[in-house]
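To start, the structure itself, in structure tokens.
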Amino acid sequence: MSETESMLSVVMPCYNEAETVEEVIAAVLDSPHVGELVVVDDGSSDGTRDRLRAIDDERVSVILQPENRGKGAALREGFTHVSQPYVIIQDADLEYDPREYPKLLEPILDGRADVVYGSRFAGGQEHRVLYFWHMVGNRFLTLLSNMATNLNLTDMETCYKVFRREVIQDVHIEESRFGFEPEITAKVA
């Protein structure tokens with residue numbers, strides 16, 4: 001068994017993702033690194049909850065929020081249920097590929113980091129095409145975050161963030177919506 005097999009908790013906030021949630025869950029569970037998947041449905045109304053109820057895998061925990069509270073609230077709830085040494089955020093759409101987990105885990109396993117951010121802009125590998133204005137807005141928000149935290153990130157808004165479990169569970173998250181991204185960045189900086 002390799003060092004990272006079944007050592008990863010995946011927290012997946014989910015809102016109205018009936019079209020993709022089963023495919024994403026299958027891809028996450030295909031990873032040998034995943035020990036558990038915590039899906040937090042944030043009040044979906046499109047049939048996502050029915051699809052989640054049908055999942056029969058002991059590694060999957062489904063938490064149903066009674067109403068839409070936001071991504072930050074879903075993540076805050078999910079982080080309280082993780083038990084593996086490493087925690088990664090995985091969106092329930094098809095933008096991010098769980099086959100990237102080993103690259104994201106490497107700096108933590110090597111002892112070079114306690115937190116790792118993925119990036120849709122760095123590296124010379126293929127990546128999903130982003131709309132121009134979305135990219136401009138993201139880079140502007142990342143610049144502001146870097147100025148406030150003295151970090152040098154390329155994609156503060158990326159979904160893929162990996163933490164040592166004790167790091168993320170020690171952070172008090174206040175933002176309930178997408179303000180989670182700059183908040184968590186500032187607090188772990």
Side-chain angles (χ1 to χ4, degrees), residues 3-15 17 21 24-25 27-29 31-42 59-65 68-93 95-120 122 138 141-142 144-146 148-189:
E3 181 183 355
T4 61
E5 280 189 33
S6 300
M7 303 274 290
L8 186 60
S9 293
V10 178
V11 177
M12 182 185 299
C14 183
Y15 178 69
E17 298 288 357
V21 70
V24 173
I25 288 172
V28 167
L29 295 176
S31 171
H33 310 289
V34 175
E36 69 183 343
L37 169 59
V38 178
V39 182
V40 182
D41 181 85
D42 196 30
R59 296 172 293 168
V60 179
S61 300
V62 176
I63 300 161
L64 302 175
Q65 303 270 57
N68 182 266
R69 296 179 179 161
K71 182 177 181 176
L75 290 170
R76 183 172 51 239
E77 179 65 28
F79 293 147
T80 66
H81 295 273
V82 296
S83 62
Q84 300 297 314
Y86 312 107
V87 180
I88 189 167
I89 300 169
Q90 171 74 51
D91 280 348
D93 58 20
E95 183 174 358
Y96 297 91
D97 187 348
R99 291 178 293 190
E100 306 260 336
Y101 293 170
K103 284 190 262 181
L104 295 160
L105 281 165
E106 185 179 326
I108 293 176
L109 295 175
D110 289 350
R112 294 180 282 137
D114 292 320
V115 177
V116 173
Y117 278 43
S119 177
R120 294 166 287 180
N138 183 298
L141 292 172
T142 299
L144 292 176
S145 175
N146 286 344
T149 61
N150 199 30
L151 295 175
N152 190 21
L153 300 174
T154 59
D155 191 2
M156 180 265 303
E157 296 281 338
T158 185
C159 162
Y160 272 167
K161 295 173 178 68
V162 186
F163 310 88
R164 290 187 181 280
R165 184 184 71 228
E166 62 272 13
V167 170
I168 194 59
Q169 288 183 332
D170 283 347
V171 174
H172 175 68
I173 300 166
E174 298 172 46
E175 287 291 330
S176 291
R177 302 273 173 202
F178 283 96
F180 164 82
E181 307 294 352
E183 177 190 14
I184 197 67
T185 303
K187 288 182 174 177
V188 299

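Start at 1 with the first residue, then count along the sequence.
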Nearest 0.5 angstrom please: [X] [atom1] to [Y] [atom2], how far?
X      : Y      : atom1 : atom2 : value
Met7   : Leu105 : CE    : CG    : 9.5 Å
Ile25  : Gln90  : CD1   : CD    : 10.0 Å
Ile173 : Leu75  : CD1   : CG    : 6.5 Å
Leu8   : Leu104 : CG    : CG    : 9.5 Å

Could you work out, with side-chain contact (heavy atoms from CB on, under 4.5 Å) as the rule, every residue matching Arg99, not counting sequence neighbours?
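In terms of side-chain contact (heavy atoms from CB on, under 4.5 Å), with neighbours along the sequence ignored, Arg99 is linked to Asp97.
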Taking only residues two or more places apart in sequence or in another chain, which ones pass side-chain contact (heavy atoms from CB on, under 4.5 Å) with Pro107?
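Once residues adjacent in sequence are excluded, the partners of Pro107 under the side-chain contact (heavy atoms from CB on, under 4.5 Å) criterion are Arg112, Ala113, Val116.
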Residues two or more places apart in sequence or in another chain: which of them pass side chain to side chain donor-acceptor pair (under 3.5 Å) with Ser176?
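In terms of side chain to side chain donor-acceptor pair (under 3.5 Å), with neighbours along the sequence ignored, Ser176 is linked to Arg76.
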Sequence neighbours left out, what passes side chain to side chain donor-acceptor pair (under 3.5 Å) with Asp42? Give chain and number order.
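Applying side chain to side chain donor-acceptor pair (under 3.5 Å) to Asp42 gives Asn68.
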For the pair [X] (side chain) and [Y] (backbone), establish whether a donor and an acceptor sit closer than 3.5 Å, ignoring hydrogens and angles.
X     : Y     : answer
Glu36 : Ser83 : yes
Ser9  : Gln84 : yes
Thr80 : Glu77 : yes

Which atom names give the shortest non-hydrogen contact between [X] and [Y], and what distance separates them?
X     : Y     : result
Gln65 : Ala73 : NE2-O, 3.7 Å
Gly35 : Arg59 : O-CG, 3.6 Å
Val24 : Asp93 : CG2-O, 3.0 Å

Under the side-chain contact (heavy atoms from CB on, under 4.5 Å) criterion, do Val115 and Lys161 qualify, and how do the steps go?
CA-CA 7 Å; Val115 177; Lys161 295 173 178 68; 5.5 Å; no
Any pair counted as salt bridge (charged side-chain N to carboxylate O under 4.0 Å, His left out), so long as it reaches residues 164-179, sequence neighbours left out:
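Passing the test, one end in residues 164-179: Asp114-Arg164, Glu174-Lys187.
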What residues, two or more places apart in sequence or in another chain, satisfy ring-ring contact (aromatic ring centres under 6.0 Å, His included) together with Tyr101?
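So Tyr101 forms a ring-ring contact (aromatic ring centres under 6.0 Å, His included) with Tyr160.
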As a quick check of understanding, evaluate side-chain contact (heavy atoms from CB on, under 4.5 Å) for Cys14 and Val21, giving each step before the final call.
CA-CA 8 Å; Cys14 183; Val21 70; 3.9 Å; yes
Close side-chain approach of Asp91 and Glu17, heavy atoms under 4.5 Å
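Counting from C-beta outward, Asp91 and Glu17 never come under 4.5 Å.
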So among Ile89, Val40, Val171, which one has a side-chain contact (heavy atoms from CB on, under 4.5 Å) with Phe79?
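Filter result, single survivor: Ile89.
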